[in-house]
Engineer: 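Before anything else, here's the structure in question.
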Amino acid sequence: MAIIFHEKTNTFHLTNKDVSYLIRIMENGQLENLYYGKALKDREDFSYMHEEGMRSQMSINVPEPGMLSMHYTRQEYPVYGTGDYRSPAFTVLQENGSRISNYVYASHSIFAGKKSLEPLPSTYVESDGEASTLEITLHDQITDTDLTLSYTLYENYPVITRNARFLQKGSEKIVLERALSASVEFIDMDYELVHLSGAWSRERYVKSRKLETGIQGIQGLNGTCCGAEFNPFLALKRPDTTEFQGEVYGFSFVYSGNFLAQAEVTTFDMTRILMGINPEGFAWELKQGESFQTPEVVMVYSDQGLNKMSQVYHRLYRTRLMRGKWRDQARPILLNNWEATYFDFNEEKILNIARKAKEVGVELFVLDDGWFGARNDDYRGLGDWYVNLDKLPDGISGLSRKVEELGLKFGLWVELEMVNKDSDLYRAHPDWLIGVPDRFESHARHQHVLDFSRKEVVDYIYEMISKVIRESSISYIKWDMNRYMTEPYSRGAAPSEQGMVMHRYMLGVYDLYTRLTTEFPDILFESCASGGARFDPGMLYFAPQTWSSDDTDANERTKIQYGTSMVYPIVSMGSHVSAVPNHQLHRTTSLATRANVAYFGTFGYELDLNLLTDNEIEQVKEQIRFMKEYRELIQVDGDFYRLLSPFAGNDTAWMVVSQDKQTAVAGYYQRLNWVNASWYRLKLKGLCEDTLYEVSYDTTPDTPINLELEAAYGIRANNNPRKTYQAYGTELMYAGIPIDRDMLKRKSMDFASLIFEIKKVNE
Ligand code: DGJ
C-alpha cells in the first residue's frame, strides 16, 4: 500500500493491490481526478490522462493562451462559479455577497494511520500500519480560508475514505452554503446507478437504473435520520456487472442526518458523483478561527461484482466502524415483548413471558415501549423517563433484577429524542421542541422532536436516562426514533444560525450516544426508527446493531435483509421471529421459515412463547440450539454471499462461509409453491474446490397440516426427513445442490425454506 507524490508531475497516486486513485495538481492550482479504478502500476507521469479539448461556448479558467475549462475537467472537489456549470461540491458565501472563490493547492502531507473525526462517526484503524492518509490543503487567498481534503487508503481493503475540512483563518465571516464530503468524476456514463429505497415496513429494496444525461440521485431531508425512503448509499456498476463479476463503485455516507447522493451526467457523457450533507436548509457560518468538518464517505471499488463490494463493506464496518465490547462478539438471543403485549402489560405478564423465554434458551429479555410516565398508548409519556409504578411496582430496577434472577439479561427500550405534548417534560419546557414559534408545527405519531441542537436539552435527557440505567441492571438498550423532523427551527439559535440546526441536532444525538456508550461500555445498543428508518453507518459507530424493519413477515424480510446486505453486515441486522398471522401483513408462514430467515441477522423472538403449542416450543428450542451453534460463523467470522435475489424471481438464497472455508450455512427460500415444477440446482459460492463437504438439511414438514395433506393425497411418507450427502466444493459450487421442489411443496404451503449445513469432512 502506498500514497506516492510524484513531484515532477504534481501527481498523487493512492494505490494498494486492488485499487488506484490518481489526483493531479493542475496548472491553475486546482485539483483534478485522473483515474479511479483497478490498481495501476505506479509511474512518474500519468498526465496523459488529462483530457482537454476545445468546445464551443466554453469558458477558460486560465490566462490566455491556456485552454483549461473546468466544465470539461474531472475535478477533485469542484467549487461553485468557475465556468463549471455542474452541481458543485461546495459553495462559500462571503461578506460582499459573492459566492466566487478560488481554492488552490497550498500544501500536503502523507502519514501512516487515520485521524478520528469525532464527534462525528467514522471508520478507524487500530494500528497505523492499517492505512495511510493524504491531506491536501487548498487555500482561498481573498477570504484566507483553508480547505483540507483528506483521503485514507486502507492496506487490505479496496477502500478509500474521504472528508473535507474548512478552516476560516481570515477576519471575515463566511457561510458554507454547501459543503459535501466527496466528489468523484468518471469519464463516461455507461453505468447503472444502484441504491436502496423503500418505505416503512419495506425498507432498503434494491433499485437500479441506467444513468442518463442530467441529474439523478437520492436524498434524505427528514432531518433526524436517513429514513426508510432512501439510504445514504449509492453504487455505480457497469451494465454487465453481476453479483460476482464486473466493476462497481460503492459510496456510503457515514452520517445519520440529511444527505445528498447524486450522479450528474453531462452532455459529453461525463459522470460526477456527489455525496454529503444535503445543502437544502444548510448554511454553516464560520468566523475567524472556526472550522467545519464534513462527515466521511467510504468508497469501495470492486472488480468482482456487487457481492465483493458488499463483503468489503461488511468486514470494514464490522471491524473498523463498530466499536466496543460487542464489536467482535456474537449477539445474545433475545426476546422482545413489543408484538407480544404492545402497551398492555404489567410485571406479572412480563415475567411470565421472560420465564418461558428462559426455558427455551433465550438469553436476553427486552422490555419495549410503555414502561415509563403515563405511556399506556402512543399519545403521551415520551420525555418522562421514569418508571410507571402502576405497571411495574418495583420499578425497572426491581424488574431487571427479577429477570436476571431467572437467568436472563435485561434490556430496555427508549426514545430519547422525542416528547409528547402530554408529558411533564413538555409542560416544563414547551420551548424545547423543534419548530418555529407562532407557526404550525406538525406531529407524527402524536409526538414532537426535542431540540437536540441545544446542549441543555441533551444534558437533561442524559441525566434522566442515565439515572434509570445506573439504578438498574441493564445489558441492552433499544434506542428508537419514531418520527421525522418537520419545520426545522431551533428556538435556542440566532436567526443567522438556523442553517446549522439540522447538523447540530445530529451532533447532539451523537453526543448523547457518546456519553451513554462511554459511561455504560458493556451495554449492547440497538438503534431503531419506526423499524428500519435509521439504518446507516453513522449509527453503527455507536450502536452495533439496528432493527431492520417493523415488518417481521418472513417473506418480506427476505427482501429487506437482502437489500440491507448490500452495505451492512449481517450482525448489524436486527431480525426476530414473530407471531402468525403476521401483525403487519396478516400472512402466515411456518415457524421454520420465520426462523430460517431470522438466522441471518441478530436473531431473537418477538412473541409470547406461552401461546405456542408444545410442538412449536420444541421447534423453538431446536432453533435456538442451531443459532447458538452457528452464530459465531454467521455474525462474526463468515463471509456473506447473496445467491438468488428476491427482487428477481420466486426464490431467495444466501449463504455464509467461514474464513477457513470449512463450514458454511446456506438459506434457500421459495416464495410460492410450484406445481409440476422444473428442476433447479442452487450453486453455492466461496467454498474450497477440493474440499469434501457433508451437506445436511431438514425436510420435515413445517406444519401438521401438511402431514394431513400427505395422508389425504396418499403421498409417500417422508421417513427420513434429515437428508445428508457428501460432495466436493467443485460440485457444490459448479453443479449445485438439487432443490427438490416436490419435497418443498410437501414441506410447506407456500413460503417453504431450507437451511443447508455444510461442513468439511475429515478424510
Ligand atoms: C417502533 C419500533 O420499530 C418497534 O419495534 C417498537 O419499538 C415501537 N416503535 C414501540 O413504540
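No experiment lies behind these values; they were computed from the predicted model shown. Each ligand, and each atom within it, is numbered from 1 in the order the structure gives.
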Engineer: Does the distance from a Lys or Arg side-chain N to an Asp or Glu carboxylate O, for R587 and D553, drop under 4.0 Å?
Structural biologist: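 Answer for the salt bridge query: yes.
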Engineer: Give the atoms of ligand 1, by number and element, whose distance to some non-hydrogen atom of G531 is under 4.0 Å.
Structural biologist: 2 (C), 3 (O)
Engineer: Could you tell me whether some N/O pair between R375 and ligand 1 is separated by less than 3.5 angstrom?
Structural biologist: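 Looking only at distances, the answer is no, because the N/O contact criterion of under 3.5 Å is not met.
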Engineer: Considering the options W547, Y599, W338, which one meets the ring pair (Phe, Tyr, Trp, His ring centres under 6.0 Å) requirement together with H576?
Structural biologist: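 The option that passes is W547.
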Engineer: Consider every N or O of D368 and every N or O of ligand 1, then say whether any pair is closer than 3.5 Å.
Structural biologist: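 Among all N and O atoms of D368, at least one is under 3.5 Å from an N or O of ligand 1.
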Engineer: May I ask you to list the atoms of ligand 1 that are less than 4.0 angstrom from any heavy atom of W547?
Structural biologist: 3 (O), 5 (O)
Engineer: Decide whether a cation-pi geometry holds between R642 and Y562; the criteria are a distance under 6.0 Å from NZ or CZ to the six-membered ring centre and an angle within 45° of the ring axis.
Structural biologist: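 Yes; both conditions hold, so R642 lies above the ring face of Y562.
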Engineer: Could you tell me whether E363 and R631 make a salt bridge, using a distance below 4.0 angstrom between a side-chain N and a carboxylate O?
Structural biologist: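 So E363 pairs with R631 through a salt bridge.
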Engineer: If the threshold is 4.0 Å, N to carboxylate O, is there a salt bridge linking K402 and D394?
Structural biologist: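 Here K402 pairs with D394 in a salt bridge, since their nearest N and O are under 4.0 Å apart.
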Engineer: Give a yes/no verdict on whether any heavy atom in R445 is under 4.0 Å from an atom of ligand 1.
Structural biologist: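 A heavy atom of R445 does come that close to ligand 1.
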Engineer: Find the distance between OG (S423) and NE2 (H448) and round it off to the nearest 0.5 Å.
Structural biologist: 9.0 Å
Engineer: Enumerate the atoms of ligand 1 whose separation from the nearest heavy atom of C528 is less than 4.0 angstrom.
Structural biologist: 2 (C), 3 (O)
Engineer: Just to be sure I read this right, does ligand 1 sit under 4.0 Å from the backbone of N482, its side chain, both, or neither, counting only heavy atoms?
Structural biologist: side chain
Engineer: Considering distance alone, does some N or O of E606 sit under 3.5 Å from an N or O of ligand 1?
Structural biologist: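 No, there is no polar N/O contact under 3.5 Å.
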Engineer: Looking only at protein heavy atoms, identify the closest one to atom 4 (C) of ligand 1 and say how far it is in Å.
Structural biologist: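 The closest one turns out to be D550 OD1, 3.4 Å.
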Engineer: Any ion pair linking K421 and E441 (charged N to carboxylate O, less than 4.0 Å)?
Structural biologist: yes
Engineer: Any nitrogen or oxygen of A529, side chain or backbone, less than 3.5 Å from one on ligand 1?
Structural biologist: no
Engineer: Given side chain to side chain donor-acceptor pair (under 3.5 Å), test E606 with S578 step by step and report yes or no.
Structural biologist: CA-CA 5 Å; E606 189 152 336; S578 62; over 6 Å; no
Engineer: At what distance is the nearest protein heavy atom to atom 9 (N) of ligand 1, and which residue and atom is it?
Structural biologist: D480 OD2, 2.7 Å
Engineer: What are the atoms of ligand 1, with element, lying closer than 4.0 Å to any heavy atom of D369?
Structural biologist: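 In order of numbering, the contacting atoms are 10 (C), 11 (O).
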Engineer: Quick one: do E622 and R625 make a salt bridge, cutoff under 4.0 Å?
Structural biologist: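 Answer for the salt bridge query: yes.
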Engineer: Does K478 come within less than 4.0 Å of ligand 1, judged by its heavy atoms?
Structural biologist: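 True for this residue.
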